[in-house]
Number of protein chains: 2
Amino acid sequence: MSPPREPLTRERIVDAAVRLIEREGVEAVSMRRLAAELGAGTMSLYNHVPNKAVLVDLAAERIMADARPYQVDSDDWRDHIRAHARAVRELARRHPRAFVMLATRRLSSEAGFRTIEAALGNFDRAGFRGGVAVGMMRAMVSYLLGTLMREVATSPELGGIALSPYEDVDMSAFPLSAGVMDELGTYDHDQEFEFGLELLIAALERYRS
Amino acid sequence: MSPPREPLTRERIVDAAVRLIEREGVEAVSMRRLAAELGAGTMSLYNHVPNKAVLVDLAAERIMADARPYQVDSDDWRDHIRAHARAVRELARRHPRAFVMLATRRLSSEAGFRTIEAALGNFDRAGFRGGVAVGMMRAMVSYLLGTLMREVATSPELGGIALSPYEDVDMSAFPLSAGVMDELGTYDHDQEFEFGLELLIAALERYRS
DNA sequence: TCCGTGCGACGTACGGCGTACGTAGGAGGG
DNA sequence: CCCTCCTACGTACGCCGTACGTCGCACGGA
């Protein structure tokens, strides 16, 4: 009568963790809850995973592995940078609840270097080498990290702010803000992402000449 | 004999929370620990603060209030933007353990609009108005958020990574990375911050013409 | 002076957490 | 047939946030 329970596996545990993270965020993950979701005893998990921290690490890695290498058929370095940036954004949008966690975490050396190498390749194509290329890559990473954190934080489908922020503030003290109140109160993430991206690319172009 | 205990106050509680956050980070804050630090019973705190979440909010606000308006004597819009950016960085460096929390949190409308208004003023000086100015401000905020998160996360004095990351990775697969291994393994936050900042300013200049 | 009355401090208790530790049962090899 | 080892699991400890009830004290009015 007892259905032969699927045996516990690191695989199955990490899967469950990833699902839970994507559904309710990292803070919802607990060993007890995970075990319950798997129909197992809490402590059984510890036969496959040393502790919660590395379980979360494993889940983060699994999600990271969902980053697909970008595809682009162009010789223009700008198109490569655009495609790379958009691929990162795609990852963030596929896993909004996990993104902050991913961004905070140190990536595994292997995957990390794959990304770094690709980025360096793009800057190389643009004519940037050595320390300058590293600096540009880091500036780009910073911008991506920042916009995407903001985008994820303001996406309404996960409790992000709706606002309009001018509840009980005396706007007469802030004339410039008042003049762009409509723009301040709304987000067009597609357009904003592209705007910032083009801004940075323009800066690189200018740096070249 | 008993020294007349200083009475509990919202003020004193928030102070203790701020100190604890700056010393050990938000995750170290607990009502029990805070009470112990104040020589009071745990539940006494609830006479002055409705729950932990708003206590942390209050602490965040108090830290935020430490943001000093920047000073600069120049008519050049670039200098204003530089000064503003550096002021934000100063705040992050004064409160590294709290910065991620601050960045994640929604700022109080009043302080928020003061910052926004100042930023819009700088873009106005540069000749940018309306939606374009808002877009630029957001791009700038994204960059600041990103670099400073990275800077704080990699600052060694709070458990940031030391690395050199090439533990057991086969570097021959990543020739470009291998070529800049020294640069990848070290951070000069001052220089990197300024580099990215100048990059963005250059982009704005180019956009103007 | 005495008596409410109200407020701040505190203890207890509940349900949750991560996990150290001990145990039990079954599978596989000698 | 027995021994070993691996996996699953229960119990327990020390944390957490906080609902709730109580107690003592200061203060105002009679």
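In the text below, chain A, chain B and the rest are named by the order of the sequence lines, each starting its count at 1.
Between the NE2 atom of A:His48 and the P atom of C:dT19 there is a distance of 16 Å, given to the nearest Å. Residue A:Ile13 contributes atom CD1, which lies 11 Å from atom P of D:dT7 at whole-angstrom precision. Distance B:Asn47 CG to C:dG8 P: 6 Å, rounded to the nearest Å. The CG atom of B:Leu8 sits 8 Å away from the C1' atom of C:dA9 (whole-angstrom rounding).
For the pair B:Arg78/B:Leu204, no side-chain contact is recorded, criterion being any heavy-atom separation below 4.5 Å from C-beta on. Taking the side chain as every heavy atom from C-beta outward, B:Asn122 and B:Trp77 never approach each other to under 4.5 Å.
For the salt bridge (Lys or Arg N to Asp or Glu O under 4.0 Å) condition, the pairs that include at least one residue of residues 140-151 of chain B, sequence neighbours left out, are B:Arg89-B:Glu151, B:Arg93-B:Glu151, B:Arg150-B:Glu192.
The closest side-chain donor-acceptor pair between B:His189 and B:Thr154 falls under 3.5 angstrom. B:His84 and B:Thr115 share no donor-acceptor pair across their side chains, judged by distance under 3.5 Å alone.
Between C:dG8 and B:Ser44, no contact under 4.0 Å exists linking OP1 or OP2 to a side-chain N or O.
Contact between A:Ser30 and A:Lys52 at its shortest, heavy atoms only, is CA-NZ, 4.5 Å.
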Check your understanding: What is the per-nucleotide protein-contact pattern of nucleotides 12-24 of chain D, from the 5' end, where B denotes a base atom under 4.0 Å from a protein heavy atom, S denotes such proximity for sugar-phosphate atoms only, and - denotes neither?
Key -> B---BBBBB----

